[in-house]
Number of protein chains: 2
Amino acid sequence: MTGGRRRGAELELAILRAAAEELTASGYSGMTMDKVARRAGTNKNAIYRRWPQRAALGIAAYKYVADARTPSADTGTLRGDALELLRQANATWSSPRGAILRDLLAAAADEPALLELLREQVGGGALNAAWFALLGRAVARGEAPPEAVQPRVAALPMMLLRGEYALRGVPAVPDEVLVEIVDEIFLPLIRGRGLASPRPPSAD
Amino acid sequence: MTGGRRRGAELELAILRAAAEELTASGYSGMTMDKVARRAGTNKNAIYRRWPQRAALGIAAYKYVADARTPSADTGTLRGDALELLRQANATWSSPRGAILRDLLAAAADEPALLELLREQVGGGALNAAWFALLGRAVARGEAPPEAVQPRVAALPMMLLRGEYALRGVPAVPDEVLVEIVDEIFLPLIRGRGLASPRPPSAD
DNA sequence: CTCCTTGAGGTACGTTGCGTACCGTACCAG
DNA sequence: CTGGTACGGTACGCAACGTACCTCAAGGAG
């Protein structure tokens with residue numbers, strides 16, 4: 001007699017928690033509907049009443065898990081800021097989390113609605129805003145020309161990181177790659193100095 | 001009497017062709033073992049004798065498809081070459097094709113051996129060589145400084161394209177995006193002139 | 001020419017996992 | 001008290017992967 005039959009929000013939360021646990025424990029492919037139902041102490045019916053398909057529950061569970069990531073950090077230099085954001089993203093996406101996201105993306109590829117939801121989670125507002133803020137600070141410091149504040153430029157490093165993820169299956173991008181992205185692509189582009197040397201600026 | 005019972009290499013090729021057709025027609029998720037067997041005029045036995053699991057066949061089929069591409073084109077200008085290669089890649093990867101790679105990646109994520117195979121295909125030889133050749137021609141024309149011939153620079157546009165694919169679930173990157181990649185990122189980076197508003201809608 | 005090994009063909013099956021249907025039953029409202 | 005809503009339980013249909021088993025054609029060895 002721990003309590004009667006759960007309903008509404010209470011049950012929904014229990015399902016979501018169970019799904020999140022399964023998700024983090026066994027990844028998306030291990031997040032079976034039956035297992036979620038069993039762990040939540042209910043049955044698939046109650047789940048399907050709320051999420052019409054597995055992918056929807058997966059995305060909801062992922063969102064439930066997703067921390068309140070608070071990016072944005074002012075390290076004092078453009079290079080430091082960029083590396084910080086990249087490293088943060090890399091860390092967040094690493095480990096099973098990245099795989100979950102990849103599987104989720106694959107699963108939701110057919111459903112525009114799900115994709116929208118996911119994209120919002122992944123690349124969405126906050127992250128982009130952080131990169132714009134970074135560029136803004138750089139301009140204020142005189143490290144970048146005002147023309148550098150463009151969507152494509154702001155999105156560039158994360159795009160490259162995504163590209164790396166697409167290449168390597170396992171999301172374990174080594175730190176040197178992040179440094180290369182910043183030093184060989186991002187900074188030269190912004191500074192407009194061209195590609196003097198592949199290595200980090202010696203004295204600049 | 002088109003011939004007796006096929007064996008060895010002949011049968012293998014038939015399976016591979018059937019798999020490739022299914023793959024390009026319905027994507028990886030649609031590449032069912034039964035359908036492949038039926039299309040190849042054989043049965044699953046013959047397939048499993050060669051590829052122990054679906055993912056292996058998928059990768060082999062992908063490789064079979066990918067080998068047919070013949071990139072490289074000399075349009076006379078750096079911009080033209082880059083756009084040409086990007087458009088070619090975009091066209092090749094379009095339709096279910098782009099999703100194939102993601103699905104394949106997800107399917108092969110557990111198997112290091114498959115992953116290796118896949119990575120080799122994706123980032124691999126021919127495509128990268130084409131971009132290096134492109135850079136080489138640009139240097140010869142005086143359109144780019146010799147320092148521009150770097151792996152990360154050569155890989156940049158394809159990386160960005162991959163990033164676009166990762167963002168949009170559906171691999172239908174509009175042409176303007178390709179143009180933006182070239183005009184706002186690739187060319188400014190190579191020319192080292194900075195970001196002097198490549199296509200200014202107004203005077204900033 | 002005759003065996004005999006190899007590997008292809010055919011079919012059926014076991015298993016997993018998604019999604020659905022049906023039915024009884026507990027909660028809540030009036 | 002009475003009804004409607006929604007939860008619980010179970011069973012099912014279906015697709016698809018992977019496997020087992022048997023038959024039979026091909027092609028070489030003797």
Side-chain angles (χ1 to χ4, degrees), chain A residues 1-19 22-23 25-61 100 103-104 106-111 113-114, chain B residues 1-19 21-23 25-61 96 100 103-104 106-111 113-114:
Chain A
M1 304 320 182
T2 54
R5 179 179 283 189
R6 295 164 302 177
R7 317 190 115 233
E10 185 190 356
L11 182 59
E12 181 159 339
L13 189 70
I15 295 173
L16 221 43
R17 288 216 314 151
E22 289 292 340
L23 198 60
S26 329
Y28 178 65
S29 66
M31 192 200 76
T32 303
M33 296 304 263
D34 295 76
K35 282 205 288 182
V36 171
R38 234 183 315 121
R39 185 188 281 259
T42 181
N43 63 353
K44 289 193 290 181
N45 257 335
I47 303 179
Y48 278 103
R49 248 170 236 133
R50 291 169 171 79
W51 298 275
Q53 46 188 321
R54 201 172 80 102
L57 175 61
I59 292 175
I100 290 177
D103 295 344
L104 232 40
D110 313 331
E111 301 285 336
L114 297 182
Chain B
M1 307 320 177
T2 53
R5 179 178 284 189
R6 295 164 302 177
R7 318 188 115 232
E10 184 190 356
L11 182 58
E12 182 159 337
L13 188 70
I15 295 173
L16 222 43
R17 289 216 314 151
E21 285 170 23
E22 288 292 339
L23 199 59
S26 330
Y28 177 65
S29 65
M31 193 201 75
T32 303
M33 296 305 263
D34 296 76
K35 282 205 290 183
V36 171
R38 234 183 315 121
R39 186 188 281 257
T42 180
N43 62 355
K44 289 194 289 181
N45 261 335
I47 304 180
Y48 277 103
R49 248 173 235 132
R50 291 169 171 78
W51 296 274
Q53 45 187 318
R54 200 172 81 101
L57 175 62
I59 292 176
I100 290 175
D103 295 344
L104 231 41
D110 313 332
E111 302 283 337
L114 297 181

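In what follows, chains carry the letters A, B, and so on, assigned in the order in which the sequence lines appear, proteins first and then strands, with residues in each chain numbered from 1.
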- Item | Shortest non-hydrogen separation from A/A18 to A/V36 and the atoms involved | CB-O, 3.7 Å
- Note on the structure: For A/A60 and A/L16 the tightest heavy-atom approach is CB-CD1, 3.9 Å
- Treat primed atoms plus P, OP1 and OP2 as sugar-phosphate and everything else as base, then score nucleotides 15-22 of chain C 5' to 3': B for base contact with protein heavy atoms under 4.0 Å, S for sugar-phosphate contact only, - for none. --SBBBBB
- Query: Rounded to the nearest 0.5 Å, how far apart are CE of A/M33 and CD1 of A/I47?
  - Reply: 5.0 Å
- Answer with base, sugar-phosphate or nothing: what part of the nucleic acid does B/R38 contact at a heavy-atom distance below 4.0 Å? nothing
Atom [atom1] of [X] to atom [atom2] of [N]: distance rounded to whole Å?
X: B/L57; N: D/dG18; atom1: CG; atom2: P; answer: 10 Å
X: A/E10; N: D/dG8; atom1: CD; atom2: P; answer: 10 Å
X: B/L11; N: C/dT6; atom1: CG; atom2: P; answer: 18 Å

- residues 26-44 of chain A vs side-chain hydrogen bond (donor to acceptor under 3.5 Å, both in side chains), sequence neighbours excluded, gives A/E21-A/R39, A/E22-A/R39
- Query: Is a donor on one side and an acceptor on the other found under 3.5 Å between the side chain of A/R54 and the backbone of A/M31?
  - Reply: yes
- Evaluate the side-chain contact (heavy atoms from CB on, under 4.5 Å) criterion for residues A/I59 and A/W51: first the C-alpha distance (whole Å), next the side-chain angles of each, then the deciding distance (0.1 Å), finally the verdict. CA-CA 10 Å; A/I59 292 175; A/W51 298 275; over 6 Å; no
